[in-house]
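Each chain gets a letter, A, B and so on, in the order the sequences are listed, and its residues count up from 1.
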Amino acid sequence: MPELPETETIARDLHASVAGRTVAKVTVARPDVLREVGERAFRRRLRGVGIVGSWRRAKLIVTDLSTRDRLVVQPRFTGALIVDDGTLDPALLAYSTIRLVLDDGRSIHYCDVRRLGTVALMNETRFEEYSAALGIEPLDSTFTASQLSGVLRVSNQPVKKVLMDQRRIAGIGNIYANEALWRAGIDPSRAAGTIAAGEAALLRDSIVAVLEESIAARGTSFRDYRDAKGQRGGFAAKLQVYGREGQPCVRCGSRLVGTHAIDGRATVFCARCQS
DNA sequence: CGCCACACCTGACGGC
DNA sequence: TGCCGTCAGGTGTGGC
């Protein structure tokens, strides 16, 4: 799915593009993506409602509505929130599951090939409850070396799995966990509790740097990801381990190793410079 | 509570 | 060519 940088890109684009508009009409082509509300309530609670603005929490795109409801989109693997001014690629439009027609004639589509992603409508209380179960934002000033060190210290799980646990740290997925661990020189399978304070500090800086660099490049389109304009992100060309199994480590030249031993997810790392 | 298997979906690709 | 197994930026649940 869109991880933090991709979700951030979508939320920023959406905010710039549709804040202040009104939802004129709602179409639900694939009700199985809906969560928290049924199709009828979803349409009723959105029709005629104002869009205040959009922002990101974890890997969610949150849109505040004039009713104080929040539209919460979780793209998971293949979801995309795209604003169509009439020129959208028909190949993307074919997978539209939900369409919000705006008062200016444009539409917001939630497109999703696999439909593992979700679209929910929550009132403020419900959203706060949901958000409270998610971990710290890695781009928040409170995400410090000692904060990360504290999170890692209490776990015996592989450090990569801890980085991807949304209840502990919100927004890091498989691509950026692999990239940050390579940058920090830490073996992804190491028990989190064995990470020393100095290593945690390096890992914190690596996480923040890779996320910020990716946001600057508008995210990673390894395969499906598209931004709110239906465009690809530019960070795939800058990936140093993810998708590079068998290729030389750009730091030491050693062959990068691939495994599925950690939580069944694709892990790529350099056995020589990550320990 | 922790851990694990599995469910949710479709499409692309490689092997036979 | 076509069929089958495997894999893919993720999360939630139910069983032990």
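- A/Y242 comes within 4.0 angstrom of the backbone, heavy atoms only, and of no base.
- Side-chain N or O atoms of A/S221 include one that pairs as donor or acceptor with a backbone N or O of A/G233 at under 3.5 Å.
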Would A/E179 and A/V241 satisfy side-chain contact (heavy atoms from CB on, under 4.5 Å), going step by step from the backbone distance to the final call? CA-CA 6 Å; A/E179 294 297 312; A/V241 282; 3.2 Å; yes
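- Taking atom CZ on A/F77 and atom P on C/dT11, their separation rounds to 9 Å, with Å as the unit.
- When rounded to the nearest whole Å, the span between CG of A/D32 and P of B/dC8 equals 11 Å.
- Residues A/S131 and A/R57 bring a donor and an acceptor atom of their side chains to less than 3.5 Å of each other.
- A/R218 pairs by the salt bridge (charged side-chain N to carboxylate O under 4.0 Å, His left out) definition with A/D13, A/D227, not counting sequence neighbours.
- For B/dG11, the OP1/OP2 oxygens have a side-chain nitrogen or oxygen of A/Y95 closer than 4.0 Å.
- In A/R68, the CZ atom is not crowded: 12 or fewer heavy atoms of neighbouring residues, nucleotides or ligands sit closer than 6.0 Å.
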Dot-bracket encoding per residue of DNA chain C, Watson-Crick/G-U cut-off under 3.5 Å, | denoting interstrand: .|||||||.|||||||
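- Of the residues in residues 111-132 of chain A, those placing a heavy atom less than 4.0 Å from an atom of DNA chain C are A/R114, A/Y130, in numerical order.
- Inspection of the A/K160 and A/S189 side chains reveals no N or O donor paired with an N or O acceptor under 3.5 Å.
- Aromatic pair A/W182/A/Y176: ring centres not closer than 6.0 Å.
- Counting only distance, with no hydrogens or angles, the side chain of A/Q274 and the backbone of A/A271 share no donor-acceptor pair below 3.5 Å.
- Between A/E245 atom CD and C/dT6 atom C1' the separation is 14 Å, expressed in whole Å.
- Here the separation of C/dT13 from B/dC9, taken at their P atoms, is 15 Å to the nearest Å.
- A/H260 has no side-chain polar atom (N or O) that falls below the 4.0 Å cut-off from OP1 or OP2 of C/dT6.
- Using a distance-only test at 3.5 Å, with no hydrogens or angles considered, no donor-acceptor pair links the side chain of A/T7 to the main chain of A/I61.
- With 3.5 Å as the limit, one finds no donor-acceptor pair spanning the side chains of A/D187 and A/S275.
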side-chain contact (heavy atoms from CB on, under 4.5 Å) for A/L239 and A/N178? Distances and angles first, verdict last. CA-CA 10 Å; A/L239 295 176; A/N178 276 301; over 6 Å; no
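- For A/V101, the side chain to side chain contact (heavy atoms under 4.5 Å, CB included) partners are A/K25, A/R99, A/S107, not counting sequence neighbours.
- Using atom P as the reference point in both B/dA5 and C/dT6, the two lie 16 Å apart (nearest Å).
- In this structure, A/K59 places its NZ atom 10 Å from P of C/dG12, rounding to the nearest Å.
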Could you walk me through whether A/I98 and A/V73 pass side-chain contact (heavy atoms from CB on, under 4.5 Å), step by step? CA-CA 11 Å; A/I98 304 275; A/V73 174; over 6 Å; no
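- Cluster membership for A/V62 and A/V119, using ILVMFWY side-chain heavy atoms within less than 4.5 angstrom, is not shared.
- Atoms CG (A/D263) and C1' (C/dC7) sit 15 Å apart, rounded to a whole Å.
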Protein-nucleotides 1-5 of chain B N/O pairs under 3.5 Å:
residue: B/dC3; atom: OP2; partner: A/Q157; partner atom: NE2; Å: 3.2

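- Per the geometry, CG belonging to A/L34 stands 13 Å off P belonging to B/dC9, to the nearest Å.
- DNA chain C lies under 4.0 Å from at least one heavy atom of each of the following residues of residues 222-234 of chain A: A/F222, A/R223, A/D224, A/Y225.
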